[in-house]
Protein chains: 2
Amino acid sequence: MLPMSASTPQEPDARTRLARAAIDAFATRGFHGTTTRDISTAAGMSPAALYVHHRSKEELLFGLAHTGHARVLELVRASVARSDDPVTQLGDLVEDFVRDHAVAHTGARVINYELAALSEEHRADILAIRHDIDLVVRDVVDRGVASGAFATPDAHMTSLALLSLGIDVARWYRDDGRWTPDEVAAHYRLLALRMVGA
Amino acid sequence: MLPMSASTPQEPDARTRLARAAIDAFATRGFHGTTTRDISTAAGMSPAALYVHHRSKEELLFGLAHTGHARVLELVRASVARSDDPVTQLGDLVEDFVRDHAVAHTGARVINYELAALSEEHRADILAIRHDIDLVVRDVVDRGVASGAFATPDAHMTSLALLSLGIDVARWYRDDGRWTPDEVAAHYRLLALRMVGA
DNA sequence: GCTGACTGACTAAGCGCTTGCTTACCATGC
DNA sequence: GCATGGTAAGCAAGCGCTTAGTCAGTCAGC
């Protein structure tokens, strides 16, 4: 029995090539600044081939946004599940969240800054996942405040600020910059714990 | 002697109407998602009238970005100039910066997230102003560390995080939301001082 | 010989920007 | 007091080009 796919690792399948090309293009020029030809050409196909795999340019963006958000939701849930102590939970969550936004900054930029280009239904779908991510963070902060481990005059706004700080890493992080993702993540863990008054 | 202009305050001059329409449109749909007809129609003019006041759509964006950045640079310099104590200086700076990004969130969103649409020369011009803003923040943090008022393992990254936190307010702040600009600004002042270990 | 991935050639619509012209306003000369 | 000429702002129309998306047909692999 041969494996399902015999494609070489240098040449991923068409869907993957389209997704990568779309992320790069959307991150660089934005959704409306990117043409379907930019994407299909970068993926090594004709303009029409994009429509074999996706109904429209908007649906391609939605696919990227949905996959990316679902992945981040699982990421933060896994971070919190590793411990019972709110201090460790928040530290791990911020560290994992920030590292991910530094490593995958290109994709994260698309996911966070191109949502306005989605249809109303698709945007609502994404906002629901974002709300779930919010809830995970807020729950950790609330439990830390309840246990006396954290002290903050507004747990809600502090939770928002923590997430906001992590998201913005995707905007400024550069692969050829001063810090590695791990260095940023470690420093942000400290900043986050200070912000909640741990 | 009559005043120079007798136009009613309800109907500002053409340049102002164009600027406001452009900010609204760019913030909602992005630079490439906005047509020159969107802008001119919202300003109550024909498509051609835009070109009486601006050489191109890109130059209109550049004008908005330049004015906005110059204003923020003056804002943070004024915040720092009000005191000699790094703790007060940083608190005032963050409070003023965050309040401004909440009040003028629409314009700030355009200024911070549409820079990729600028020409190389225009983008370089804006990045130079942003660098000056960075320097103001970094200088306050460095002096706080030197005086022993602040304690942070990486003053450079902490300065970046402080600015990053303020910028991202423009992304999430809503006029009909839970908090007033003053409330957000006051809370962020506390968060900022905790982040630097004051 | 059927299926699914893919292409070249195409279309309708929309884009930024220009053109040729009109209008409103104002300083100047008489 | 008023014609004259200059200027800035504005518009209707439309040019040249690009866009997202379509479609009939090709072809490799099962």
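Side-chain atoms are counted along with the backbone in the values below, which use heavy atoms only and exclude waters and symmetry mates. Residue numbers begin at 1 in each chain, while the letters A, B, ... track the order of the sequences.
Across the protein-nucleic acid pair, A:K57 atom NZ and D:dT19 atom P stand 9 Å apart, rounded to whole Å. Separating the CG atom of A:L18 from the P atom of D:dG21 is a distance of 14 Å, rounded to the nearest angstrom. The CD1-P distance, from B:I39 to C:dG16, rounds to 8 Å in whole Å. The OH-C1' distance, from A:Y51 to D:dG21, rounds to 5 Å in whole Å. Atom P of nucleotide D:dT22 and atom CZ of A:R37 are separated by 13 Å, given to the nearest angstrom. For B:L50 and D:dG10, the CG to C1' distance is 12 Å, given to the nearest whole Å. In this structure, NE2 of B:H32 is placed 14 Å from C1' of D:dT18, rounded to the nearest angstrom. When the P atom of D:dA9 is taken as reference, atom CE of B:M45 falls 10 Å away, rounded to whole Å.
Distances from the side chain of B:H53 to the nucleotides C:dG16, D:dG10, D:dG21 place D:dG10 closest. Of the candidate nucleotides C:dC6, C:dC17, D:dA12, D:dA12 has the atom lying nearest to any side-chain atom of B:S46. Nearest to the side chain of A:A49, among C:dT7, C:dA5, C:dC15, sits C:dT7.
Nearest-nucleotide positions on DNA chain D for A:A48 and A:T36 put A:T36 closer to the 5' end. Mapping A:T35 and A:R55 onto DNA chain D via the closest heavy atom, the residue that lands nearer the 5' end is A:T35.
Annotation: the span from B:L163 atom CG to A:W172 atom CH2 amounts to 11.5 Å, rounded to 0.5 Å. B:R17 CZ to B:H53 NE2: the interatomic distance, rounded to the nearest 0.5 Å, is 8.0 Å.
In summary, B:R143 and B:D139 engage in a salt bridge, as defined by a charged side-chain N under 4.0 Å from a carboxylate O. Salt-bridge check for B:D96 with B:R82: passed, with a basic side-chain N closer than 4.0 Å to an acidic carboxylate O.
Contact annotation for B:T34: backbone-only contact, meaning every heavy-atom pair under 4.0 Å involves sugar-phosphate atoms and none involves a base.
Using a 4.5 Å cut-off on side-chain heavy atoms (C-beta onward), A:R189 and A:V98 make no contact.
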